[in-house]
Amino acid sequence: MNLLILKSDIYTKSRQQLAAKVLNQHPAIAKWTVDREDVDNVLRIVSKRSISERDIQKLIEPLGLHCEDLPE
């Protein structure tokens, strides 16, 4: 299992439901969550195989959503 932690603009329930449409269907994604109470709206993705930040961006950007690497 691989873990990807990203900063996102998924700050509402409706944006989260929009993201769910593509993230739930991706065969490499085992589980994902969004912490909408965190200032960075942290998108946490557990994948069955390696998946990149760019792969996730390609999935959600057509929906008007954005994510990027979370600086430490």
Side-chain angles (χ1 to χ4, degrees):
M1 294 288 188
N2 297 294
L3 178 63
L4 189 59
I5 299 177
L6 304 167
K7 178 180 178 177
S8 79
D9 67 352
I10 303 172
Y11 52 84
T12 64
K13 182 76 171 172
S14 62
R15 284 177 165 265
Q16 187 172 350
Q17 290 170 338
L18 195 58
K21 291 180 181 183
V22 293
L23 296 177
N24 288 343
Q25 301 302 315
H26 196 285
I29 298 174
K31 181 180 177 182
W32 67 275
T33 58
V34 176
D35 183 354
R36 294 190 338 253
E37 294 188 16
D38 185 279
V39 67
D40 291 318
N41 301 296
V42 176
L43 173 59
R44 181 178 181 270
I45 297 174
V46 178
S47 62
K48 300 171 191 169
R49 58 180 168 79
S50 182
I51 191 167
S52 72
E53 170 189 342
R54 187 65 195 136
D55 293 332
I56 301 303
Q57 289 170 335
K58 286 179 185 177
L59 286 174
I60 69 171
E61 284 180 351
L63 304 173
L65 302 173
H66 176 75
C67 67
E68 61 188 60
D69 187 39
L70 183 64
E72 292 185 28

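Counting begins at 1 with the first residue of the sequence. Just so you know, these numbers use all the heavy atoms, side chains as well, and skip hydrogens, waters and symmetry mates.
- A salt bridge is absent between Glu53 and Lys7; no separation between the charged side-chain nitrogens and carboxylate oxygens falls under 4.0 Å.
- Here Ile60 contributes atom CD1 and Ile10 contributes atom CD1; the two are 4.5 Å apart, rounded to the nearest 0.5 Å.
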What donor-acceptor contacts under 3.5 angstrom involve side-chain atoms of residues 16-30, with partners at least two apart or in another chain?
{"unit_1": "Gln16", "atom_1": "OE1", "unit_2": "Arg36", "atom_2": "NH1", "d": "2.4"}
{"unit_1": "Asn24", "atom_1": "OD1", "unit_2": "Trp32", "atom_2": "NE1", "d": "2.7"}
{"unit_1": "Asn24", "atom_1": "ND2", "unit_2": "Ala20", "atom_2": "O", "d": "3.3"}
{"unit_1": "His26", "atom_1": "ND1", "unit_2": "Ala28", "atom_2": "N", "d": "3.0"}

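- Taken to the nearest 0.5 Å, the CD1 atom of Ile45 stands 9.0 Å off from the OG1 atom of Thr33.
- Rounding to the nearest 0.5 Å places OG of Ser8 at 9.5 Å from CG of Asp35.
- The backbone N or O of Val42 lies less than 3.5 Å from no partner atom in the side chain of Asp40, so there is not a single donor-acceptor pair.
- Scored by the side-chain hydrogen bond (donor to acceptor under 3.5 Å, both in side chains) test, Ser50 finds no partners at all (sequence neighbours excluded).
- Under the side-chain contact (heavy atoms from CB on, under 4.5 Å) criterion, Asp9 pairs with Tyr11, Arg15, Leu65, His66, not counting sequence neighbours.
- Taking CD1 from Ile56 and CG from Leu6, the interatomic distance works out to 7.0 Å, rounded to the nearest 0.5 Å.
- Leu59 and Pro62 make their closest contact through O-CD, 3.6 Å (heavy atoms, listed as atom of the first residue, atom of the second, distance).
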